[in-house]
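Below is one structure, written out as structure tokens, with a few remarks after it.
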Amino acid sequence: MRIGIISGVIGLFVTLSVHAQKSDSIKSMLLPDVVVTESYQQRQAKKSALTVEVVEQEFLRKHFTGNFMQAMENIPGVQAMDIGSGFSKPMIRGMGFNRIAVLENGIKQEGQQWGADHGLELDAFNIGAVNVLKGPSSLLYGSDAMGGVIDITPPLIPSVDMLFGDVTLLGKSVNGTLAGSLMLGLKKNAWYAQIRYSEQHFGDYRIPADTIVYLTQKMPVYGRKLKNTAGIERNIGLFVQYQRKRYRADYSVSNVYQKTGFFPGAHGVPDASRVEDDGNSRNIELPYSKVNHLKVTTHQQYAWEKLILSGDLGFQNNHREEWSAFHTHYGSQPAPEKNPDKELAFDLNTYSASVKARIIGSSSWEHTLGWDGQHQQNDISGYSFLLPEYHRSTTGLLWLTTYRPDNVWSVSGGMRYDYGYIDISSHEDVYLADYLRKQGYDEEQINFYKWNSHPVKKHFGDYSFSLGLVWTPSEQHMVKVNIGRSFRLPGANELAANGVHHGTFRHEQGDASLKSEQGWQMDASYNLRYHGLSVSVSPFVSWFSNYIFLRPTGEWSVLPHAGQIYRYTGAEALFAGTEATIDIDLPYHFNYRISGEYVYTYNCDEHIPLSFSPPFGMRNTLTWQKKRYMFYAEWQLIARQNRVDRNEDRTPGANLFHLGGSLNIPVGGNNKIEITLTARNIFNTRYYNHLSFYRKVEIPEPGRNFQLLIKIPFKKLL
């Protein structure tokens, strides 16, 4: 119904666009507007010794799917760990989960990012510019940024007073997506306000397969649609800014709600009877997950001549639930009286604060001092157990100095110290104790196993430092080198998880004796720009003395139907690889771009690769663009992944072909309707994402998809 309402107001916005007064042109793209020339983010990226990719509106419009991370995976070195067709989570250079920090308006997004079946709770329609930091970023962003950062920046503020907005509509054939987003904005004197409401509805998605295989058992896929993978998403966000002379204040409130089904054959023990067609491709039945993410943040800043003082405050509530028809492996466990089918629930409250002082000592020297702190409280419920309740507090101090004697050289270095404390509650499973007693276990073994989690109180303290160099001998050449030590405090799941995680088909177990993750990392890049030629190469290498991962133990779980225990373990590990891009402007408005990425992982203790290692990938894109028209054709190569961990499936390679184009239609004044049409996987190729949540049961990625995106903006001077 809401999408119908949004569609109904299109005529109103077209009318407003036609009669809008002529104004200074503000570039209309998919999301909030950006500067056509080199942006502030691009200039800052050049100054940083880290490898930074700046993603702006044209890129987002070209690759937009309604899923933020699926757009980001078009950046070399960035991968998306898919959870069905609706949601994905980020990986950078083979690292994911708690090693990648996602920032929105300066605050780290905090949800259940430790799980492979948990996506990002962000509104893809409300993304402006994005800065992607590839490599160690613990110095600036703390423990959880060991692998990199995805920084979503606030919208660009119009320079003149105006009323503006847009309606964005999205349709996809692969799962019948119908989506819409409505934005209204106002700039008046020192005030700026923007509100956006977005909604998506999608059905079961199509795959290029009639059957899937799990443990030699064939299961049919009726109509080539993956049953119960439909979902909905509703998001609303408000952003307000007040800026007067040297003072600036940002306020943001957002709420993201997502509900999506789990394919019944991939939740628990696969069973062919559970995947029979129910005749409805848009309903959401058990099992399913739902999550609501509320976020309230503020950024305050005051600038003097040589000092910029800023601070951030944030509160987040992430409430995630997994629902499945009540089932128990213990005859004595009754169904709960209230919400009997609620299997797992996690209610995470996060309070964040930070203060930074940027001191400009002279034209050559610049210093940054900072402090940040965070407190988390996680409560649980449901008839199953996976993760205990816990309290977690962290705080850190940082110092960073940059010296630029001229426009050729820049040297930066800094240190950071973080302290963390975690208090994990115990959890007793009386039904398991009763089950083990009936199975003939002695009391000593029963007392050992009946505790899903033991009380854990641990303190962690560790430091990181970084030294970087930027050399720009001319406008055509730039070299960056950065070396440093980074660390990561272990999460509650790595210390205390203990239970069957249906989404990953294994008994996962934490280890309370784990120490912080530590590593040394070197990152470099070379950029060449000469007339219509651009070349970028970014090699990296990382060595960890205590890399934490899930290791198959060879121990058999006492839990029924649980199989082998996978325990979080520390090991010496090596990561290495590179990203490379060549971009060439050709005659007759053509452009050719080729990019590739490769990650090598190695478990030095066991002499095998690490799990979730992305395969080599390459993209060849030919684009034609002239005035209001753009068309592109892309060949995407995904190499075979044979370097796998124990009990991890090898994944065959694939060649995929995509087409796309866009058209801008002028509608009065400087307004224009933007239409983008794309066709992904045009040959309906059957292929697998090695990082996918559904890879374990050999479910291929979605098949051929046609997508139509329409954006209708308007603006009126005040």
Side-chain angles (χ1 to χ4, degrees), residues 31-32 39-41 44-45 48 50-56 60 68-69 71-72 75 78 80 88-92 95-113 118-124 126-156 235 237 239 241 248 250-254 256 293-301 310-318 348 350-356 358 368 370-374 376 394-396 398 400 416 418 464 486 488:
L31 300 170
S39 68
Y40 172 78
Q41 285 87 357
Q44 292 300 108
S48 172
L50 298 172
T51 301
V52 182
E53 294 271 1
V54 178
V55 177
E56 295 185 335
L60 292 170
F68 173 54
M69 279 315 304
M72 291 295 98
I75 301 171
V78 179
S88 303
K89 70 188 317 160
M91 294 191 75
I92 298 178
M95 294 189 184
F97 307 109
N98 286 339
R99 298 180 180 90
I100 303 298
V102 178
L103 278 73
E104 185 179 30
N105 299 329
I107 297 291
K108 281 193 287 188
Q109 181 86 357
E110 292 290 349
Q112 310 295 336
Q113 58 259 45
H118 307 150
L120 289 176
E121 294 84 24
L122 294 169
D123 184 357
N126 202 35
I127 306 295
V130 183
N131 299 325
V132 180
L133 284 74
K134 294 184 284 188
S137 306
S138 298
L139 177 67
L140 292 175
Y141 299 98
S143 167
D144 292 344
M146 171 181 274
V149 173
I150 296 176
D151 184 9
I152 302 168
T153 61
L156 185 73
N235 312 313
F239 179 84
Q241 182 181 101
R248 170 187 154 192
D250 297 345
Y251 303 93
S252 175
V253 180
S254 65
V256 174
H293 193 97
L294 171 67
K295 180 161 52 180
V296 182
T297 67
T298 181
H299 173 82
Q300 305 287 322
Q301 178 178 299
S310 62
D312 291 276
L313 290 173
F315 167 75
Q316 299 174 69
N317 173 259
N318 183 275
L348 179 66
T350 303
Y351 304 86
S352 306
S354 66
V355 177
K356 286 186 179 179
R358 181 182 169 195
T368 300
W371 167 87
D372 60 67
Q374 184 186 88
Q376 291 184 321
T394 59
T395 186
L398 73 92
L400 175 67
R416 179 187 178 99
D418 277 77
S464 61
S486 58
R488 184 179 67 86

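Below, each value reflects all heavy atoms present in this structure, side chains not excepted, and no hydrogens, waters or symmetry copies.
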Going through the distances and angles, do Val130 and Ile150 end up as a side-chain contact (heavy atoms from CB on, under 4.5 Å)?
-> CA-CA 7 Å; Val130 183; Ile150 296 176; 3.8 Å; yes
Value for CG (Leu103) from CG (Leu140), rounded to nearest 0.5 Å, stands at 10.5 Å
With sequence neighbours left out, the residues meeting side-chain hydrogen bond (donor to acceptor under 3.5 Å, both in side chains) with Ser352 are none
Test side-chain contact (heavy atoms from CB on, under 4.5 Å) on Arg248 and His299 and set out the steps. CA-CA 8 Å; Arg248 170 187 154 192; His299 173 82; 4.2 Å; yes
Taking every heavy atom of Gly147 against every heavy atom of Ile92, the minimum-distance pair comes out as O-CG2, 3.7 Å
In short, Asp418 meets Gly396 closest at the heavy-atom pair OD2-CA, 3.7 Å
Taken in chain and number order and not counting sequence neighbours, the residues that satisfy ring pair (Phe, Tyr, Trp, His ring centres under 6.0 Å) with Tyr251 are none
The side chain to side chain contact (heavy atoms under 4.5 Å, CB included) partners of Thr297 (sequence neighbours excluded) come to Asn105, Ile107, Ser252, Lys295
- Take Met72 and Leu60 through the side-chain contact (heavy atoms from CB on, under 4.5 Å) test and state the conclusion after the steps. CA-CA 8 Å; Met72 291 295 98; Leu60 292 170; 3.6 Å; yes
Counting distance only, does the side-chain N/O of Gln109 pair as donor-acceptor with the main-chain N or O of Glu121 below 3.5 Å?
yes
Item to complete: Please report the C-alpha distance between Val78 and Met69 in whole Å, then the side-chain angles of each, then the deciding distance to 0.1 Å, and finally whether the side-chain contact (heavy atoms from CB on, under 4.5 Å) criterion is met.
Response: CA-CA 9 Å; Val78 179; Met69 279 315 304; 3.9 Å; yes
Checklist entry - Do Ser143 and Thr394 come close enough that some side-chain heavy atom pair is under 4.5 Å? => result no
Taken to the nearest 0.5 Å, the spacing of Lys356 NZ from Thr368 OG1 works out to 7.5 Å
TODO: Without swapping roles, check the side chain of Thr153 against the backbone of Ala129 for a donor-acceptor pair under 3.5 Å.
DONE: yes
- Can you tell me if Gln316 uses its side chain to pair, donor with acceptor, with the backbone of Lys108 under 3.5 Å? yes
Sequence neighbours excluded, the answer for side-chain hydrogen bond (donor to acceptor under 3.5 Å, both in side chains) partners of Gln241 is Asp250
Value for CD (Gln112) from CG (Asn98), rounded to nearest 0.5 Å, stands at 10.0 Å
Rounding to 0.5 Å, atoms CZ (Phe68) and CD1 (Ile127) come to a distance of 5.0 Å
So CG of Asn126 and CD of Glu104: to nearest 0.5 Å the spacing works out to 7.0 Å
Residue set satisfying side-chain hydrogen bond (donor to acceptor under 3.5 Å, both in side chains) with Thr350, at least two apart, ordered chain then number -> Gln376
Interatomic distance, OG@Ser138 vs CG@Asp144, rounded to 0.5 Å, equals 8.5 Å
Sequence neighbours excluded, the answer for side chain to side chain contact (heavy atoms under 4.5 Å, CB included) partners of Asp372 is Ser354, Arg416
